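Let me begin by presenting the structure, written as structure tokens, before commenting on it.
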Amino acid sequence: MTSILPPSSTTPPAVTAPNASLILFARGVIAILTTWPVLRIAISEHWGGPESLQKRTWIASEIVDLFEASITSPSHNTTPASQTPDVDDLEDLLLQAMVDEFECEVDDGSVPKVAKEMMDLWKAIKESGELAKETVRTLEARASKVKETRIQAQRVAANDDDDDDDDDDEMDVDEESEAEDDVPTLQPPKPPKEPEVDQDGFTVVKGKSRG
């Protein structure tokens, strides 16, 4: 006797492949965050605790989620894509994440620059796949170079012995390392020469020689 059974209702759900644009965007976002001086210092100094490095990845995932809604799902082609996040929303996310995860209020003016770089990356991904890939490769190469600089700065700071001065010196080293990649090095002004005094206590004034 042949038994006819109904189709099984326990069929595993189909797994949707990750969107290629989101993967590329996530790579670029992580690279941008890796080169962000404020976040680098916060991670180096463990302002976010022992999981400071992992918190960078979490911030990147929050940013990607913010943009994911603007992509139309392949299974819902009739649903219009949401509007691309505003740069102000992205700035607010970055500022709030630094406060919540690292107890750091960023007021150095770097957040708009970071947000704009991410917005430009997203625009490139939406408009030109090849241009976006090249942009991400450039960002990742820059991030790789910055990682090497951070390791060297940590080793130098670890050799100091004084407790009070160590913290200041360590911050100075890290901040200088961050600045080398993005802004020109500023040389401090030369200190003024002390006046020359003769044996009688009079100040010696030297005139400029005429050519």
Side-chain angles (χ1 to χ4, degrees), residues 7-44 48 50-102 104 106 109-151 178 181-182:
S8 174
S9 59
T10 59
T11 304
V15 177
T16 303
N19 186 286
S21 297
L22 286 176
I23 294 175
L24 191 63
F25 183 61
R27 287 171 52 192
V29 168
I30 291 176
I32 293 171
L33 292 177
T34 301
T35 60
W36 185 16
V38 173
L39 183 55
R40 288 180 59 199
I41 295 174
I43 293 173
S44 176
E51 298 181 350
S52 292
L53 184 58
Q54 288 81 355
K55 289 183 177 183
R56 181 181 64 196
T57 304
W58 177 83
I59 294 174
S61 68
E62 289 293 302
I63 294 170
V64 173
D65 289 345
L66 185 66
F67 285 82
E68 185 176 9
S70 65
I71 298 180
T72 302
S73 173
S75 59
H76 299 84
N77 293 327
T78 58
T79 302
S82 302
Q83 185 177 2
T84 300
D86 187 84
V87 66
D88 293 334
D89 296 333
L90 184 54
E91 290 180 17
D92 291 341
L93 189 155
L94 291 167
L95 289 169
Q96 193 61 46
M98 291 301 295
V99 172
D100 293 343
E101 304 302 324
F102 297 97
C104 172
V106 183
S110 63
V111 169
K113 177 182 177 181
V114 173
K116 182 181 184 302
E117 196 167 13
M118 292 179 182
M119 295 295 296
D120 291 344
L121 173 61
W122 181 253
K123 181 179 179 181
I125 289 175
K126 299 293 290 182
E127 294 180 353
S128 173
E130 290 303 318
L131 176 60
K133 291 177 182 178
E134 182 62 30
T135 301
V136 170
R137 283 193 290 266
T138 301
L139 291 171
E140 290 179 333
R142 189 178 70 181
S144 178
K145 181 180 178 181
V146 165
K147 285 182 180 179
E148 296 176 0
T149 304
R150 179 180 59 83
I151 293 174
E178 312 292 346
D181 298 325
D182 299 323

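Note that this is a predicted model, so its numbers are computed, not measured.
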Which side-chain N or O atoms in residues 90-102 pair as donor and acceptor under 3.5 Å with protein atoms at least two apart or in another chain?
from, atom 1, to, atom 2, distance (Å)
Gln96, NE2, Asp100, OD1, 2.9
Gln96, NE2, Asp100, OD2, 3.3

Of all heavy-atom pairs between [X] and [Y], which one has the smallest distance, and what is that distance?
X	Y	answer
Ser52	Ile43	O-CG1, 3.8 Å
Val136	Gly28	CG1-N, 4.1 Å
Glu68	Leu22	CG-CD1, 3.4 Å
Leu33	Ile59	CD1-CG2, 4.0 Å
Ala143	Ala31	CB-O, 3.8 Å

For Glu134, give me all partners under side chain to side chain donor-acceptor pair (under 3.5 Å), at least two apart in sequence or on another chain. Arg137

With side chains defined as the heavy atoms from C-beta onward, is the minimum distance between Asn19 and Phe25 less than 4.5 Å? no

Side-chain contact, heavy-atom cut-off 4.5 Å: Arg56 with Leu53? yes

Give, for atom NZ of Lys113 and atom CD1 of Ile32, the distance between the pair rounded to the nearest 0.5 Å. 11.0 Å

Straight-line distance of Thr35 OG1 to Lys145 NZ, nearest 0.5 Å: 12.0 Å

May I have the step-by-step check of side-chain contact (heavy atoms from CB on, under 4.5 Å) for Gln54 and Thr57, ending in yes or no? CA-CA 5 Å; Gln54 288 81 355; Thr57 304; 5.6 Å; no

Would you check if the side chain of Ser44 reaches a backbone N or O of Ile41 as a donor-acceptor pair within less than 3.5 Å? no

Using a 6.0 Å cut-off, check whether atom CD of Glu51 has over 12 heavy atoms from anything other than its own residue. no

Tell me which donor-acceptor pairs under 3.5 Å the side chains of residues 117-132 have, and how far apart each pair is, sequence neighbours excluded?
from, atom 1, to, atom 2, distance (Å)
Glu117, OE2, Arg142, NH2, 2.9
Asp120, OD2, Lys116, NZ, 2.8
Ser128, OG, Leu131, N, 3.3

Residues in side-chain contact (heavy atoms from CB on, under 4.5 Å) contact with Ser110, at least two apart in sequence or another chain: Trp36, Val38, Val106, Asp108

